[in-house]
2 protein chains.
Amino acid sequence: MARTTGSHSDITGPRVRTAALKLFAQHGFAAVSMRQIAREVGVQAGALYNYTPDKQTLLFDLMNTHMCDLLDARRKNVVPDSPIARLENFTRFHIRFHSQRPEEVFIAYMELRNLAPENFEIIGKLRREYEDELEAILQQGQELGDFAVPDTKIATLAVIAMLTGVNTWFQEGGRLSLDEVEQVYADMVRKAVTA
Amino acid sequence: MARTTGSHSDITGPRVRTAALKLFAQHGFAAVSMRQIAREVGVQAGALYNYTPDKQTLLFDLMNTHMCDLLDARRKNVVPDSPIARLENFTRFHIRFHSQRPEEVFIAYMELRNLAPENFEIIGKLRREYEDELEAILQQGQELGDFAVPDTKIATLAVIAMLTGVNTWFQEGGRLSLDEVEQVYADMVRKAVTA
DNA sequence: GTCTATAGAGCGATAGAC
DNA sequence: GTCTATCGCTCTATAGAC
């Protein structure tokens, strides 16, 4: 818990981020004070400013790290050739990745409006980069005649909204395993876009 | 704009709700102060307490009214017989209703965690009542062999997440008309759940 | 790197005059 | 029903001691 004094830079830094992540996800950015974060970490409020210039930057760093992690993981993913296989691969990747970090995902979707304009633009760009991954798959399938999608942009947003919705109810150890959930969604998504 | 004094109960009441709706949707419940709402209405902060006992109740009233409007509109809706027609009817109803009140929808989805526990329970119940409408359709179609849905509860949540996602990008007067958007989604939803 | 202390501002809600 | 004024509290961020 709380210590009186000392030097703990390498430990405290990650702890500040973890505490902020948890509290922002739980109560929302605007409802969480720097004092609450400090209490969770076990330091005084002033000490937080050794790790972030301000509260806004702390929020941005959490969201930015999350989006970069997402794009990195996607790039490391081995992608199959056929559109149908690529679509299932994307579906499973999205559900698995997002279900593993519910707090980051929740913040990334709920706190966009609390970003300063310049930060909002950066996060928006990263998000569009991710959406383009799916849209490229739908376009390929459309060209090859495997898919029947009148508007790839709308279909992209529809599929991502559906997949991200998993996070609102999925619990590890619940009625369905993660793999079963992936299967159910992979089937629905494939059927929704195939010819 | 601002007046000096007087009696305006019947005008001010709705104006308080409208102002709160707009500001909560724009900045989030926690980030909006009673003084901001009062400024938007054109009264002093203290006057707001003639129309709501506190800020929390103001939020709850907005969300509760929205959910009751939704269920009322659904009840007035004439529902066809066959599962496939009922599903298209639901899809179009959902998109049309929600696209007409983006602020209410945004608040109803984003501010759940800012509800007091007893209020949270009430709104959750109303939401489940609405979800049950769709689940009943999927169950009927499943029994008649029109649909192939391994888990009607999950399919329900998946479809609703997909449909509500329309609100994040749809703009009246944009590239697609509302009716075209309804058609695109009705096709995707039907294909996703049919056998 | 963390502490204590604090500046300067804003908050929700209430009291009492009109 | 609205105003002004205010209570008691919390907020972000900074300054300076250790």
Side-chain angles (χ1 to χ4, degrees), chain A residues 1-21 23-24 26-62 107 111 113-119, chain B residues 1-24 26-63 107 111 113-119:
Chain A
M1 247 308 181
R3 288 159 293 93
T4 49
T5 188
S7 168
H8 300 272
S9 166
D10 46 339
I11 313 176
T12 308
R15 277 170 60 77
V16 169
R17 299 171 50 87
T18 306
L21 190 70
L23 291 170
F24 288 168
Q26 204 161 91
H27 307 291
F29 172 76
V32 172
S33 70
M34 294 299 270
R35 283 173 173 83
Q36 272 177 277
I37 298 170
R39 197 181 315 130
E40 179 83 17
V41 174
V43 296
Q44 292 300 314
L48 297 179
Y49 292 86
N50 289 314
Y51 303 98
T52 181
D54 50 40
K55 197 185 167 194
Q56 162 70 211
T57 306
L58 183 53
L59 173 64
F60 170 69
D61 283 343
L62 292 174
I107 291 172
E111 304 298 352
R113 63 181 163 191
N114 286 310
L115 286 174
E118 65 273 25
N119 292 336
Chain B
M1 248 309 181
R3 290 159 292 93
T4 49
T5 187
S7 169
H8 300 272
S9 167
D10 46 340
I11 313 175
T12 308
R15 279 171 57 78
V16 169
R17 297 170 52 87
T18 306
L21 191 69
K22 171 183 161 185
L23 290 169
F24 289 168
Q26 204 162 91
H27 307 291
F29 173 76
V32 173
S33 70
M34 294 299 272
R35 284 170 172 83
Q36 270 178 276
I37 298 170
R39 198 181 312 133
E40 179 83 18
V41 175
V43 295
Q44 292 300 313
L48 297 179
Y49 292 87
N50 288 313
Y51 303 98
T52 181
D54 50 40
K55 195 186 168 193
Q56 162 69 209
T57 306
L58 183 52
L59 174 63
F60 170 70
D61 283 344
L62 292 174
M63 293 177 68
I107 291 172
E111 305 297 353
R113 63 181 162 191
N114 286 310
L115 287 174
E118 66 273 24
N119 292 336

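Letters go in sequence order (proteins before strands), and every chain restarts at 1. Everything numeric here is computed off the predicted structure, so don't read it as measured data.
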Nearest-Å distance, [atom1] ([X]) to [atom2] ([N])?
{"X": "A:Lys55", "N": "D:dT14", "atom1": "NZ", "atom2": "C1'", "value": "17 Å"}
{"X": "B:Ile37", "N": "C:dC11", "atom1": "CD1", "atom2": "P", "value": "11 Å"}
{"X": "B:Asn50", "N": "C:dT14", "atom1": "CG", "atom2": "C1'", "value": "12 Å"}

When you measure from the side-chain N and O atoms of [X] to the phosphate of [N], is any distance below 4.0 Å, counting only OP1 and OP2?
{"X": "A:Tyr51", "N": "C:dT2", "value": "yes"}
{"X": "A:Gln44", "N": "C:dT2", "value": "no"}
{"X": "B:Ser33", "N": "C:dC11", "value": "yes"}
{"X": "B:Thr12", "N": "D:dT2", "value": "yes"}

> Taking all non-hydrogen atoms of both residues, which atom of A:Met34 and which atom of A:Tyr49 are closest, and how far apart?
Replying inline: CG-OH, 3.6 Å

>> What I want to check is whether an N or O donor and acceptor connect the side chain of B:Arg35 with the base of C:dG10 at under 3.5 Å.
In response: no

> CG/B:Leu48 to CG/B:Leu58 distance, rounded to the nearest 0.5 angstrom?
Replying inline: 8.0 Å

>> How long is the straight-line distance from CG of A:Asp61 back to OH of A:Tyr51, given to the nearest 0.5 Å?
In response: 14.5 Å

>> Taking B:Leu59's backbone N and O only, do any of them form a donor-acceptor pair with B:Glu111's side chain (distance below 3.5 Å, no angle check)?
In response: no

